[in-house]
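The structure appears below as structure tokens.
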Amino acid sequence: MEWFDWSRRRPLDWMAYKAILAVFGLNIPVFYVINFLIILGVFFMVYVLVDRLLPEFRPFGLVVALIAMLYPADYTMTWITMINNRLAWLITLVGMWLLLDYATRGGLARLALVGFCFFLPLWIHEGTLGIVIAWCLFLALISRQASVKRRLALLSPLILIIIFMVLRVFIRPLLGIVDSNVFSFNTLTIGLLWDRLKQTIILAWAWVKPFPEFIQRLGLTVPPPWMILIGLLLVIALNILALYIVLRLSNFQENEGFPFMEKTQAAKKISLTILISFGFLLAGFFPTLIIRPPNLDDVSSRANMYAIPAAALIIVAIAGLVALVLARTKWQWQALVWAAVLPLILIGLGVQIGIQKRGQVAWVQQKTIWQALFQIVPDFEDDTTVVLIMPGYDQLRFGEHPPLYAEWEVDHGLRVLYENDSLIGRILFPDADFYSEATFTSTEVMGARPWNKTAYESAVFLLYRPSNGKLKIVDDLNMELGL
């Protein structure tokens, strides 16, 4: 593990872990504490940015940050393996705040810090790329009172973005550095991109995805997702209506009214906020859309984190528009906004708790696999490829996490636990099509990235059945699995 490794797809990928290990050693609870602090930092910055841009619509900032934190579209929230992603996101959000500050106050030192906060995270994880581009363009457009020189300066971070893209897409491949993301970029078509853009609707379906399993447990027929979504909207509407009736019947009086003209201006600004937020939502999926479609499949849901704040702002802004119709005072408007989002807060809280419980089950199963593997194979020869086959997973339940899910989990687990960097890990779910799987040809095992190949003579095949929790070596794939 190096601080900087130019040969890696993301050269600073290990930086956060290297720093934590250097200071605290391999202290797992410390990793969780640091991850929790980073999460709090991310959503605090979301609150600060929204509150500063829309101060007249308080408590928008607080509500958006809360909805974003509980949004049921990122199931990796507490994974310590996501520390690098979230740290990159936090640094980028700090850069966004600094650029917003520069738009009003100027300062070359502040602008230099913006460049650092935008450029560095891209080498940790490139998921912030679209947001950075959108933010620079957005501030340059809305800063009408600033001088032409300052508005151009607001676009200057895009120079660093262009440098990053040239290095990543063109220069590094010429130097022989293999990058699966660049491979995905080269095979992208307009039709495929359009199909993936349409799949960003998952951020709406995320709110209803927990319900089918719950309804099925009750022994009821599961309705289609759109019907569940309509039911959720009706619950929200009833919640708003109930509070509205209580407010009308109460004797509470507030001196500060809400004049019609002021409501009209507020409605226009909130509507514009919704439109702009849709732009940031799409930006949050760039460049992920180049690599894979948006989805809610466990580890892949981490890519949704950059679009979630914009989705949360859209939800809160729509609630704000509805509340404007009913509210007679600003206090009533604030109360109605909270009433609208309360069901979503409860859903998000329940989902996050449920995901953590299922994650604990997966962790216990993973420990069982590693312990059994040490008993079966105390050591491996150098350059051995270990293929873990897990039948029985045809379709994951909501929030379910297999003991090991992605190729990199097996790969890194083997190297760390056996203290052998030459070992290679592969994973296969023969009954399903999951993220980061191996494939078999007549002569070799291919990894999730097609150029990673291993001859059968250098591979060891292991079979884990979740039904009995047992692990064993497979000598004949055809006899055991019909592969």
Side-chain angles (χ1 to χ4, degrees), residues 50 54 56-73 200-215 218 220-252 254 257-258 260 262-278 281 296 308-352 354 398:
V50 175
L54 301 169
E56 67 271 39
F57 297 124
R58 290 181 179 135
F60 262 27
L62 180 60
V63 181
V64 169
L66 188 58
I67 292 290
M69 186 166 18
L70 298 174
Y71 211 107
T200 57
I201 192 65
I202 62 157
L203 291 181
W205 297 129
W207 293 103
V208 302
K209 192 173 181 182
F211 288 98
E213 183 182 335
F214 176 73
I215 294 171
L218 296 176
L220 303 174
T221 302
V222 178
W226 64 267
M227 193 175 293
I228 299 176
L229 183 59
I230 290 175
L232 176 59
L233 293 175
L234 286 174
V235 169
I236 293 172
L238 289 173
N239 210 40
I240 295 172
L241 184 61
L243 180 60
Y244 173 72
I245 293 172
V246 170
L247 292 173
R248 289 299 301 268
L249 294 177
S250 67
N251 294 322
F252 180 82
E254 185 184 13
F258 212 160
F260 177 77
E262 191 174 344
K263 276 189 178 185
T264 303
Q265 291 301 316
K268 289 179 180 178
K269 188 164 185 178
I270 293 176
S271 299
L272 183 60
T273 298
I274 293 172
L275 291 175
I276 294 172
S277 297
F278 271 110
L281 186 150
L296 298 172
I308 280 175
L313 181 53
I314 291 170
I315 290 170
V316 176
I318 292 173
L321 276 180
V322 174
L324 278 176
V325 176
L326 300 174
R328 302 176 67 184
T329 67
K330 291 184 179 180
W331 181 87
Q332 288 183 3
W333 177 79
Q334 292 174 340
L336 290 168
V337 168
W338 279 108
V341 301
L342 180 60
L344 301 182
I345 291 172
L346 296 176
I347 291 171
L349 185 62
V351 167
Q352 293 297 338
F398 176 73

Can you tell if the side chain of [X] reaches within under 4.5 Å of the side chain of [Y], non-hydrogen atoms only?
X	Y	value
W207	I315	yes
L344	L232	yes
V208	W205	yes

Checklist entry - Which pairs count as side-chain hydrogen bond (donor to acceptor under 3.5 Å, both in side chains) when at least one residue sits in residues 229-247, sequence neighbours excluded? => result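 Pairs touching residues 229-247 that pass the test: Y244-R248.
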Considering all heavy atoms of both residues, which atom of [X] and which atom of [Y] are nearest to each other, and what is their separation?
X	Y	result
L203	A73	CD2-CB, 3.7 Å
A323	V337	CB-CG2, 4.0 Å
V351	P210	CG2-CG, 3.4 Å
I345	L66	CD1-CD2, 3.5 Å
I236	P343	CG1-CG, 4.0 Å
S277	I314	CB-CG1, 3.4 Å

Without swapping roles, check the side chain of [X] against the backbone of [Y] for a donor-acceptor pair under 3.5 Å.
X	Y	result
Y71	A206	no
Q334	P59	no
K263	A327	yes

Just how far is it from atom [atom1] of [X] to atom [atom2] of [Y], taken to the nearest 0.5 Å?
X	Y	atom1	atom2	value
L281	I276	CG	CD1	13.5 Å
L229	F211	CG	CZ	10.0 Å
I67	L313	CD1	CG	11.5 Å
I347	L349	CD1	CG	11.0 Å
L247	L326	CG	CG	10.0 Å
L238	I245	CG	CD1	9.5 Å

Checklist entry - Who passes side-chain hydrogen bond (donor to acceptor under 3.5 Å, both in side chains) against W338, sequence neighbours left out? => result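 Checked W338 against side-chain hydrogen bond (donor to acceptor under 3.5 Å, both in side chains); zero matches.
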Item to check | Crowding at CZ, F278 (>12 non-hydrogen neighbours, <6.0 Å) | outcome: no
Checklist entry - Which of these passes side-chain contact (heavy atoms from CB on, under 4.5 Å) with V50: V63, L62, V64, T273? => result V64
Checklist entry - Tell me the salt bridge (Lys or Arg N to Asp or Glu O under 4.0 Å) pairs involving residues 264-273, sequence neighbours left out? => result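 For residues 264-273: E56-K269.
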Next on the checklist: I274 vs L321, test: side chain to side chain contact (heavy atoms under 4.5 Å, CB included). Steps then yes/no.
Outcome noted: CA-CA 10 Å; I274 293 172; L321 276 180; 3.7 Å; yes
